[in-house]
Amino acid sequence: MKLAVSIPDELGAEADRAARDLGLSRSALYGRALAEFLRARSDRHMTERIDELMSQLGSPRSEFVSAAARRRLAESEW
């Protein structure tokens with residue numbers, strides 16, 4: 001799909017440098033960046049929905065679950 005967008009000159013120049021450094025076309029870089037943004041947005045929405053459902057259940061947190069969650073979070077790539 002062809003798409004025309006306007007971005008600040010400085011951001012465009014930085015994106016062009018990143019594309020060159022990564023050996024990507026400008027279109028490929030923008031496509032990857034948009035895909036990552038949409039994935040992260042979807043993940044955040046899912047987390048918010050799970051949190052909402054958990055609060056509706058009123059399930060108390062056990063120390064075991066909290067410790068497991070902290071361990072998993074520490075192992076996650078940010």
Side-chain angles (χ1 to χ4, degrees):
M1 166 190 294
K2 282 198 173 264
L3 180 67
V5 298
S6 296
I7 60 172
D9 290 342
E10 188 175 306
L11 181 60
E14 190 174 344
D16 286 346
R17 284 190 298 275
R20 264 193 317 275
D21 291 347
L22 295 168
L24 299 172
S25 68
R26 182 186 289 168
S27 292
L29 178 75
Y30 289 167
R32 284 186 181 188
L34 182 57
E36 176 62 21
F37 171 81
L38 294 173
R39 185 200 60 74
R41 184 173 180 265
S42 177
D43 289 350
R44 187 182 74 233
H45 174 74
M46 182 61 71
T47 299
E48 289 169 356
R49 185 68 180 123
I50 290 169
D51 289 346
E52 179 184 323
L53 291 171
M54 290 300 293
S55 70
Q56 289 175 5
L57 291 173
S59 177
R61 273 196 175 174
S62 72
E63 183 52 39
F64 172 79
V65 172
S66 294
R70 283 191 297 274
R71 265 194 321 276
R72 182 65 181 124
L73 184 58
E75 296 168 358
S76 297
E77 182 179 325
W78 286 86

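The structure presented is a predicted model; accordingly, all values stated were derived computationally and were not measured. Numbers for residues simply follow the sequence, beginning at 1.
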The side chain to side chain contact (heavy atoms under 4.5 Å, CB included) partners of Ala28 (sequence neighbours excluded) come to Leu24, Ser25
Applying side-chain hydrogen bond (donor to acceptor under 3.5 Å, both in side chains) to Arg49 and not counting sequence neighbours gives Glu52
Cluster membership besides Phe37, Ile/Leu/Val/Met/Phe/Trp/Tyr side chains within less than 4.5 angstrom, sorted by chain and number, is Leu34, Leu38
Between Arg32 and Glu36, is the closest basic N to carboxylate O distance under 4.0 Å? no
When rounded to the nearest 0.5 Å, the distance separating OG of Ser27 from CE of Met1 is 12.5 Å
The remaining residues in the hydrophobic cluster of Leu53, counting side-chain heavy-atom contacts under 4.5 Å among Ile, Leu, Val, Met, Phe, Trp and Tyr, are none
Across all chains, not counting sequence neighbours, the side-chain hydrogen bond (donor to acceptor under 3.5 Å, both in side chains) partners of Arg26 are Asp16
message = Counting only heavy atoms not in Glu10 (residues, nucleotides, ligands), do more than 12 fall under 6.0 Å from its CD?
response = no
Between Gly12 and Tyr30, the two heavy atoms sitting closest are CA-OH, 4.2 Å
Between the CZ atom in Arg70 and the CG atom in Leu73, the distance rounded to the nearest 0.5 Å is 10.0 Å
Asp43 meets the side-chain hydrogen bond (donor to acceptor under 3.5 Å, both in side chains) criterion, sequence neighbours left out, with Arg39
One should read off an interatomic distance between Ile50 CD1 and His45 NE2, to the nearest 0.5 angstrom, of 10.0 Å
On a heavy-atom basis, the closest approach of Leu29 and Ala18 is CD2-CB, 4.3 Å
